[in-house]
Amino acid sequence: MATTDLERQTSTSKVDLADAPSRDWGWHGTAPTAARISGVLFAALLLFMTHGNHTGKTEDIFLLGFAIVILAVILVQWLVNRRKKWKY
């Protein structure tokens, strides 16, 4: 029968095994490259949606605005992460 006790492991990871059991599997973190790629694809989809059969420009303004915001967030995060890599 399984127990509920957790064995403490000595590791260089700053994440406690009790807080994040996935650390025991060898993966714990984010996927920044996949997030950037999906953000760019989503922004491209929004820009592609501006070409359509609607007559008003209000939709185009919102689609363009959201696409610009998404791309700006991706660019800022990329620049900040790039600066942190060479700073240390």
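Heads up: numbering here begins at 1 and tracks the sequence.
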Using distance only, find each side-chain donor-acceptor pair of residues 51-71 under 3.5 Å and give its atom names and separation, not counting sequence neighbours.
from : atom 1 : to  : atom 2 : distance (Å)
H54  : NE2    : D60 : OD1    : 2.7

Q: List, by chain and then residue number, the residues other than W78 in its hydrophobic cluster (Ile/Leu/Val/Met/Phe/Trp/Tyr, side-chain heavy atoms under 4.5 Å); write none if there are no others.
A: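 Reading the cluster by chain and number, W78 sits alongside L75, L79.
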Q | All pairs passing salt bridge (charged side-chain N to carboxylate O under 4.0 Å, His left out) where residues 40-52 contributes a residue, at least two apart | A |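 Residue pairs with at least one partner in residues 40-52: there are none.
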